[in-house]
Amino acid sequence: MLTIKNLYVSVDGQEILKGINLEVKPGEVHAIMGPNGSGKSTLANVLVGKEEYEVTEGEITYMGEDLLEKSPEDRAKEGIFLSFQYPVEIPGVPMVNFLKTAVNEHRKHRGEKELNAGEFLKLMREKMDLVDMHPTLANRSVNEGFSGGEKKKNEIFQMALLEPKLAVLDETDSGLDIDALKTVAHGVNALKTKDNATIVVTHYQRLLEYIVPDFVHVLYDGRIVKSAGKELAFELEEKGYDWIKKEN
Amino acid sequence: MTDQDKILSDVTQSEYKYGFVTDIETDIIDRGLNEDVVRTIWEKKNEPAFMLEFRLDAFRKWQKMKMPEWAYLKIPPIDYQSISYYAAPVQKAKYTNLDEVDPELIDTFNKLGIPLEEQKLLAGVAVDVVMDSVSVKTTFKETLAEQGIIFCSISDALQEHPDLVRKYIGQSVPVADNYFAALNSAVFSDGSFCYIPKGVRCPMELSTYFRINAANTGQFERTLIIADDDSYVSYLEGCTAPMRDENQLHAAVVEIIALDRAEVKYSTVQNWYPGDKNGKGGIYNFVTKRGICRGVSSKISWTQVETGSAITWKYPSCVLIGNNSVGEFNSVAVTNNHQQADTGSKMIHIGKNTKSTIISKGISAGKSDNSYRGLVKIMPGATNSRNFSQCDSLLLNDTCGAHTFPYIEVGNKSSKVEHEATTSKIGEDQIFYCNQRGIDTEKAIGMIVNGYVKEVLNKLPMEFAVEAQKLLQISLEGSVG
């Protein structure tokens, strides 16, 4: 589904990723772990085409096509979803309008009929239950005045509506209390199928107790320095990142 | 240039869609302005004697006045002698039905999306169409007349109800109020007149479409609305103008008088030709709009969506004389390319327990400058009065400007004035967030801008709000449907 080969990425002329290789297949959950500043968020952002992240070398293939050629909105419509670390507020734009537009843009892209207001509301109510979102949130402006936990739940709620093929969760656990963490993880797990894949970017092992990865990769100084099964996350938790730093 | 900037500049540089000229026989008097011209206008319009005095008084005062220079505007010199002050479509007789109206005129309305027939049938709106100064067709006049409502051109009002006009004209906006109001008072050619009798709620929204048509014709509209005790009216003014290379001067005056417990809602959508991408051409719009809440518990609200004109100089105001009277100003002003707008409101509190609200939303794009200028003045006798003002500016790029000039004078201790102001740039993060959900940049900007102005659009009558939303899209987003 996703193949990253020898990827080098710079931000403002500073090299952040220095030769990343990664292969993600349908049905897999990959965890990207690493200390602060190792390039985890850069990797997440470059996948969704954020402008200031400049690819200087290497390639990314997604569903057999060159991903780097595509605009951010096309990547989204072709099934790549980012759960933002810091979801932005858009005052004056009601959630329900925003989401209906997003869902219908996806449907148009797939050649499906757009949903009318009634159909969309029905779909929305269904998906809200999944992450235990309070229905009144849909009437508020996008993320405006949402608590940290509500914002993160809202990301997963949007993921449920858009049903991505590849979901990238960027530090989705940061700022969540244990109950919210469980709810969010429950949502992510419920959306998992054999056809979609998830990349979980996280600093802590905590989230991986609830979203169990098939592979764990440790990112350090712009390179993947270790890859293994889920046991690597526990090892990291025990030994700390200093262990990785010493080895490199 | 980043992709986002490129899309922004593409979508904000769409050409004006209403640029066309209707070829209709027009009766134009020679260019230039002097007392003889003022007399000629008065004669051509066959007005009562008092109007000659009114006009000459205004003209003489105007001659001694200077163009105001305090606005944050760069106004090229205007040669008032190179303008023709009267142009009327040649009319053979009054029309009794639409078939008799010049087909080209009907065609113009169709291009503007306001077919008269449909307007009449579907919207139930009485339309007093002003095209180059003389009223061509008035509809629904009879229905309104049954309730005693007078809705006609001000020329007709001067013929048929001279005493009413004489009693109220120049009350809200005195002839020498300001340079442009004085010019208007001297040479105005036509406009609308509306009188709502005591206790009558006007059953439909009254609407006037203005168009500037003949080349080089300054247009000086005069509107007078009187709401008698316990009456209510909602009045709509919508404007488009054909594309022109030469600048055209427009100096309108709108006067509103609300008596005891009367309410007047005045809504404007203004979309005159703003000039091309390089700032060539476009309408100069110098408007004086003022309402007087003369009666107790009366209310006047101004709602405007301003997307057009090269230069806008406009401050719809309320003078709250009656105790417990209420004034409102809700505005969206969009400037793009080289447009300049200096607009806002004045709320003058004279009566006790008077209340006013100002909501102003400025949106700047291109290389434009958009200023809010407002005055809230609470007189010593206006005890227990309230004002709330909110002035927000949204910038779409780094080359445009937003400015706020609020003036507040409070003359007593029991009154309360609040002023809130924000300036924000449309966030790249907000746009990217939308992109990541599959929404392209053009749609994202449309959504964010509409969200930003929603509070004001909600104040417009339904069908007007739809039109206003379309206009915003045309002004900012090119082809987005």
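Each chain gets a letter, A, B and so on, in the order the sequences are listed, and its residues count up from 1.
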For chain B, which residues of residues 136-145 of chain A have heavy atoms nearer than 4.5 angstrom: A:V142, A:N143
Salt bridge flag under 4.0 Å for residues B:D440 and A:K77: no
Inter-residue atom distance B:N435.CG - A:D74.CG, 0.5 Å rounding: 10.0 Å
Whether over 12 other heavy atoms sit under 6.0 Å from B:K355 NZ: no
B:K265, NZ: over 12 other non-hydrogen atoms inside 6.0 angstrom: no
B:F432 side chain near A:E51 side chain, heavy-atom distance below 4.5 Å: no
Minimum-distance pair of heavy atoms, taken over all atoms of B:G438 and A:A76: N-CB, 3.5 Å
Over 12 non-hydrogen atoms of neighbours within 6.0 angstrom of CG in A:D66: yes
B:R437 side chain near A:L162 side chain, heavy-atom distance below 4.5 Å: yes
Pair A:K50 + B:E428: basic N to acidic O under 4.0 Å: no
Within residues 103-131 of chain A, residues adjacent to chain B where the heavy-atom gap is under 4.5 Å: A:E105, A:H106, A:K108
Gap between atom CD of B:Q436 and atom CG of A:N45 - 0.5 Å precision: 9.5 Å
Sequence neighbours excluded, every pair satisfying salt bridge (Lys or Arg N to Asp or Glu O under 4.0 Å) that has a member inside residues 444-462 of chain B: B:K361-B:E455
Enclosure of B:Y72 OH (heavy-atom neighbours >12, cutoff 6.0 Å): no
Part of residues 86-102 of chain A lying next to chain B, heavy-atom separation under 4.5 Å: A:P87, A:V88, A:E89, A:I90, A:P91, A:G92, A:V93, A:P94, A:F98, A:T101, A:A102
